[in-house]
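The block underneath contains the structure these notes are about, expressed in structure tokens.
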Amino acid sequence: LMTEFDEVIAARICEQHRELAARWFERLLALLPVEARDIFPTASLLDHIPALIREIGTYVRQPHDLAIVANTAILDKARELGSLRHDQRASLHQVLREYQMLGDVLVAFVLEEMDRLDLSPSPGESAILVSRLHEAVNALSQATVETFITLYTDTITEQTQRLESFTRMAAHEWRQPLSTVQFGITLLQHPSLDPQRARRTWEAVERNVNNLVDVTRKLESIARLQGTQDTPLIQRVSVTTV
């Protein structure tokens, strides 16, 4: 059941959705040691957050309509955030922490409005409203996280397939020179091997060892070209959480 308290707070969230997005963004910048544009590289992506907050306000006003889970456009924005965070190589912990901060910003705003407007809701009304806020944030968080995990899983699968292909190629490139070296070493150990044959065998062994070195360098170059994710990523995280 809607109360006057719910209606007032929901209206204020919708009215102040951009201000709330700015508060959340400031907290996010304080959490992540990066430039603002590194988090939201386009204005379009940055505008997703006010839209999500406005939708949260609508949900607080009309929770029975399941406004968020039924709003495909809003869920698409949440999913796009998941895709962005995956491309930026964020951690799942970071994504969840961002939504936790959004919930904290909204609850703090409710407390401010209660004091500013001199609202005196019952404990039950306050609990229900905060619960609705968290339900809405969790619904959006789930859409973002599901996209993030799907893309992450796809990346792991692709990397596994690439590694298997690379291993097969490396084995093929190494097999022939190794066989020649192995045969040459066995031959050189034969006591009746004449000096001329021994010299030719030694030259063949040396030549194939050089081939192996060359193949190894080429395969390392290929690995570096394919290893687009093989760069260090530094993030500030809570040691306690880890």
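Every heavy atom of this structure was used, including side-chain atoms; hydrogens, water molecules and symmetry mates were not. As the structure is a computational prediction, the values presented were derived from the model and not from experiment.
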TODO: Mind jotting down which residue pairs meet the salt bridge (charged side-chain N to carboxylate O under 4.0 Å, His left out) criterion with at least one end in residues 165-180? Sequence neighbours excluded, please.
DONE: none
Open item on the list: Restricting to side-chain hydrogen bond (donor to acceptor under 3.5 Å, both in side chains), what partner residues turn up for Thr160, sequence neighbours left out?
Closed with: none
Open item on the list: Could you work out, with salt bridge (Lys or Arg N to Asp or Glu O under 4.0 Å) as the rule, every residue matching Arg197, not counting sequence neighbours?
Closed with: none
- [ ] Return the set of residues passing side-chain hydrogen bond (donor to acceptor under 3.5 Å, both in side chains) with Thr180 (not counting sequence neighbours), or none when no residue passes.
- [x] Gln176
Open item on the list: Under the side chain to side chain donor-acceptor pair (under 3.5 Å) definition, can you give me all pairs with a residue in residues 210-219, not counting sequence neighbours?
Closed with: Trp174-Thr216, Asp214-Lys218
Open item on the list: Once salt bridge (Lys or Arg N to Asp or Glu O under 4.0 Å) is applied, do any residues pair with Glu164, and if so which ones, sequence neighbours excluded?
Closed with: none
Side chains of residues 118-126: which donor-acceptor partners sit under 3.5 Å, not counting sequence neighbours?
| from | atom 1 | to | atom 2 | distance (Å) |
| --- | --- | --- | --- | --- |
| Ser122 | OG | Glu125 | N | 3.1 |
| Glu125 | OE1 | Ser122 | N | 2.9 |
| Ser126 | OG | Ser122 | O | 3.3 |

TODO: Could you pull out all residues at least two apart from His172 that satisfy side-chain hydrogen bond (donor to acceptor under 3.5 Å, both in side chains)?
DONE: none
Task: Results of salt bridge (Lys or Arg N to Asp or Glu O under 4.0 Å) for Asp154 - residues two or more places apart only - done: none
Task: Listed partners of Glu203 passing salt bridge (Lys or Arg N to Asp or Glu O under 4.0 Å), at least two apart - done: Arg199
- [ ] Quick one: list whatever passes side-chain hydrogen bond (donor to acceptor under 3.5 Å, both in side chains) with Glu26, sequence neighbours left out.
- [x] none
Open item on the list: Per the salt bridge (charged side-chain N to carboxylate O under 4.0 Å, His left out) rule, what does the pair list look like for residues 100-114, sequence neighbours excluded?
Closed with: Arg12-Glu113, Arg23-Glu112, Glu113-Arg116
